[in-house]
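First up is the structure itself, then whatever we jot down about it.
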Amino acid sequence: MSSATTTAPADTSALTVQKVGGRIGAVISGVRLGGDLSPGTVAQIRTALLANKVVFFRGQDHLDEESHEAFGKLLGTPVAHPTVPSADGRYSLGIDSDHGGRANQWHTDVTFVPAYPAFSILRAIVIPPYGGNTLWANTATAYEGLPEPLRALADSLRAVHSNDYDYAALRPQAVPEALKQYKEVFTSTKFLTEHPVVRVHPETGERNLLLGNFVQRIAGLTGKDSRTLLDLFQSHIERPENTVRWQWQAGDVAIWDNRATQHYGVDDSDAHERKLRRVTIDGDVPVGVDGRSSTLISPEEVPDPSFGIASGASTAA
Ligand SMILES: [Fe+2]
């Protein structure tokens with residue numbers, strides 16, 4: 001399409017897709033999200049999502065835990081977080097300002113398990129009067145933008161991801177008790193997973209850099225060599241031209257392709273309340289350029305959560 005705005009066919013005549021950034025992000029208008037959308041509308045949303053990596057919807061205030069999950073089912077199978085209990089006893093995960101964990105590190109959700117989520121669907125309930133924006137980065141264009149020798153190097157590497165890292169070092173201003181409690185829950189099972197550094201996307205065929213703050217080190221390297229390479233690749237992901245920044249309003253929904261993005265929650269809304277709900281959709285086991293799949297190093301298998309199936313439990317490559 002040559003225009004930035006595309007109009008849908010007759011059965012979904014109100015649906016429009018408007019790009020926000022050149023490399024990532026689009027606003028979809030004219031859709032009331034829920035479990036009752038037509039297959040044609042769902043297909044259009046999925047196409048826009050795969051193309052733009054993150055899509056935004058305003059004015060979805062009608063959604064609750066149930067209809068949020070019902071909409072999620074149209075994109076795949078909802079999964080529970082491997083360690084953090086849900087907000088509603090089912091799949092909806094609380095992303096709230098009153099716990100010790102803030103996502104102000106670039107990351108891809110749940111990469112410490114092999115089959116981490118394909119999509120995350122985040123719904124804004126309470127938004128602070130200022131700050132609290134979220135940034136997303138396109139990990140496919142980050143890979144494409146690498147000079148050829150660095151692409152070849154990245155293609156050959158694997159990295160170890162874990163949910164067990166130094167939380168206090170990342171959040172020096174957090175209340176120690178809250179942080180300790182959050183870490184205890186988040187790491188109640190300690191996961192180690194080895195992923196390829198370049199993942200071939202199962203739906204688009206694009207190559208994506210697979211890194212973020214759950215990475216401990218590049219496999220086969222230690223210390224300074226690993227950190228230097230991680231910083232190098234990560235700097236290409238975080239370049240401003242490669243990102244989009246979203247200023248939330250209550251009732252907004254953002255859906256991102258978690259296999260092709262990293263994101264960052266900006267922690268700059270002081271003590272104001274911020275409350276969102278996330279439903280995640282099951283992914284598959286990543287495959288590298290050489291055809292090798294990701295492997296779970298420990299524990300032996302992803303344990304069952306208190307409800308449903310856990311993210312990462314899927315064994316399909
Ligand atoms: Fe996240």
Side-chain angles (χ1 to χ4, degrees), residues 19-25 49-54 103-118 134-163 165 170 192-245 256-264 283-297 317:
K19 282 171 76 76
V20 180
R23 295 186 197 164
I24 179 169
L49 173 55
L50 292 175
N52 295 284
K53 316 308 186 199
V54 55
N104 60 338
Q105 292 286 317
W106 281 104
H107 67 284
T108 296
D109 286 334
V110 202
T111 61
F112 47 85
V113 295
Y116 62 86
T134 302
L135 287 81
W136 284 264
N138 183 335
T139 57
T141 50
Y143 174 85
E144 282 165 27
L146 291 174
E148 199 285 324
L150 290 183
R151 285 202 300 271
L153 175 61
D155 286 348
S156 72
L157 297 172
R158 291 169 72 88
V160 177
H161 296 232
S162 178
N163 57 334
Y165 58 86
L170 293 175
L192 274 181
T193 291
E194 185 182 288
H195 289 296
V197 166
V198 178
R199 175 182 191 176
V200 180
H201 195 288
E203 292 189 72
T204 67
E206 290 176 322
R207 296 182 181 186
N208 296 268
L209 288 172
L210 169 43
L211 294 171
N213 80 321
F214 294 118
V215 173
Q216 282 192 332
R217 61 187 164 79
I218 303 275
L221 302 181
T222 53
K224 194 176 177 190
D225 288 344
S226 173
R227 180 43 52 199
T228 300
L229 284 183
L230 290 171
D231 287 347
L232 172 65
F233 292 126
Q234 187 64 30
S235 72
H236 285 266
I237 294 169
E238 296 174 16
R239 288 185 64 188
E241 291 80 2
N242 201 50
T243 68
V244 67
R245 182 174 183 133
W256 61 95
D257 184 343
N258 197 49
R259 304 159 296 184
T261 53
Q262 286 186 14
H263 56 282
Y264 182 115
D284 46 14
V285 177
V287 177
V289 174
D290 59 3
R292 284 175 68 200
S293 299
S294 303
T295 53
L296 181 64
I297 299 169

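All values reported here derive from a predicted model rather than from experimental measurement.
Among residues two or more places apart in sequence or in another chain, the side chain to side chain donor-acceptor pair (under 3.5 Å) test is passed with Asp109 by His107, Ser120, His263, Arg278. Considering only residues two or more places apart in sequence or on other chains, Asp257 meets the side chain to side chain donor-acceptor pair (under 3.5 Å) condition with His201, Arg259.
Side-chain contact check for Asn258 and Thr108: no donor-acceptor pair (N or O, by modelled atom type) lies under 3.5 Å.
The aromatic rings of Phe112 and Phe214 sit perpendicular to each other, their planes meeting at more than 60°, with 30° as the lower class boundary.
Between Trp256 atom CH2 and Asn52 atom CG the span is 15.5 Å, to the nearest 0.5 Å. Summarising the geometry, atom CG belonging to Leu296 is positioned 8.5 Å from atom CG belonging to Leu192; distances are rounded to the nearest 0.5 Å. Arg239 contributes atom CZ, which lies 10.0 Å from atom OG1 of Thr141 (distance to the nearest 0.5 angstrom).
Of all non-hydrogen atoms in Arg23 and Asn138, the two that sit nearest each other are O-ND2, 2.9 Å. The heavy-atom pair separating Phe233 from Leu150 by the smallest distance is CE2-O, 3.8 Å. Contact record, Ser294 with Pro196: OG-CD, 3.3 Å, taken as the closest heavy-atom pair. Minimum heavy-atom separation, Ala142 to His236: CB-O, 3.9 Å. Of all heavy-atom pairs between Leu230 and Arg217, the closest is CD1-CA, 4.3 Å. A pairwise comparison of heavy atoms in Val287 and Ser293 identifies CG2-OG, 4.0 Å as the closest pair.
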- Task: Evaluate side-chain contact (heavy atoms from CB on, under 4.5 Å) for Ile24 paired with Val54, printing each intermediate quantity in order.
- Result: CA-CA 7 Å; Ile24 179 169; Val54 55; 3.7 Å; yes
- Item | Trp106/Gln234 under side-chain contact (heavy atoms from CB on, under 4.5 Å): CA gap, chis, key distance, verdict | CA-CA 9 Å; Trp106 281 104; Gln234 187 64 30; 3.4 Å; yes
- Stepwise side chain to side chain donor-acceptor pair (under 3.5 Å) check, Gln262 with Glu238: CA-CA 9 Å; Gln262 286 186 14; Glu238 296 174 16; over 6 Å; no
- For the pair Val160 and Thr193, evaluate side-chain contact (heavy atoms from CB on, under 4.5 Å) and give the outcome as yes or no after the intermediate values. CA-CA 6 Å; Val160 177; Thr193 291; over 6 Å; no
- Task: Test Leu135 against Val244 for side-chain contact (heavy atoms from CB on, under 4.5 Å), laying out the working first.
- Result: CA-CA 6 Å; Leu135 287 81; Val244 67; over 6 Å; no
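Remark: aromatic rings of Tyr116 and His161 are distant, center separation not under 6.0 Å.
With Leu210 as the fixed residue, the side chain to side chain contact (heavy atoms under 4.5 Å, CB included) test singles out one of Val215, Val198, Thr111, Thr139: Thr111.
Between the Thr243 side chain and the Pro240 main chain, a donor and an acceptor come within less than 3.5 Å of each other. With hydrogens and angles disregarded, no donor-acceptor distance shorter than 3.5 Å links the side chain of Thr261 to the backbone of Trp136. Listed for the Asn242 side chain is a donor-acceptor partner under 3.5 Å among the backbone atoms of Ile237. Counting only distance, with no hydrogens or angles, the side chain of Thr228 and the backbone of Lys224 share a donor-acceptor pair below 3.5 Å. Panel note: side chain Thr295, backbone Ile297; no donor-acceptor pair is recorded below 3.5 Å.
Sorted by first and then second residue, the pairs that involve residues 141-162 and meet salt bridge (Lys or Arg N to Asp or Glu O under 4.0 Å), not counting sequence neighbours, are Asp155-Arg207, Arg158-Glu194.
The side-chain heavy atoms of Leu146 and Leu153, taken from C-beta on, include no pair separated by under 4.5 Å.
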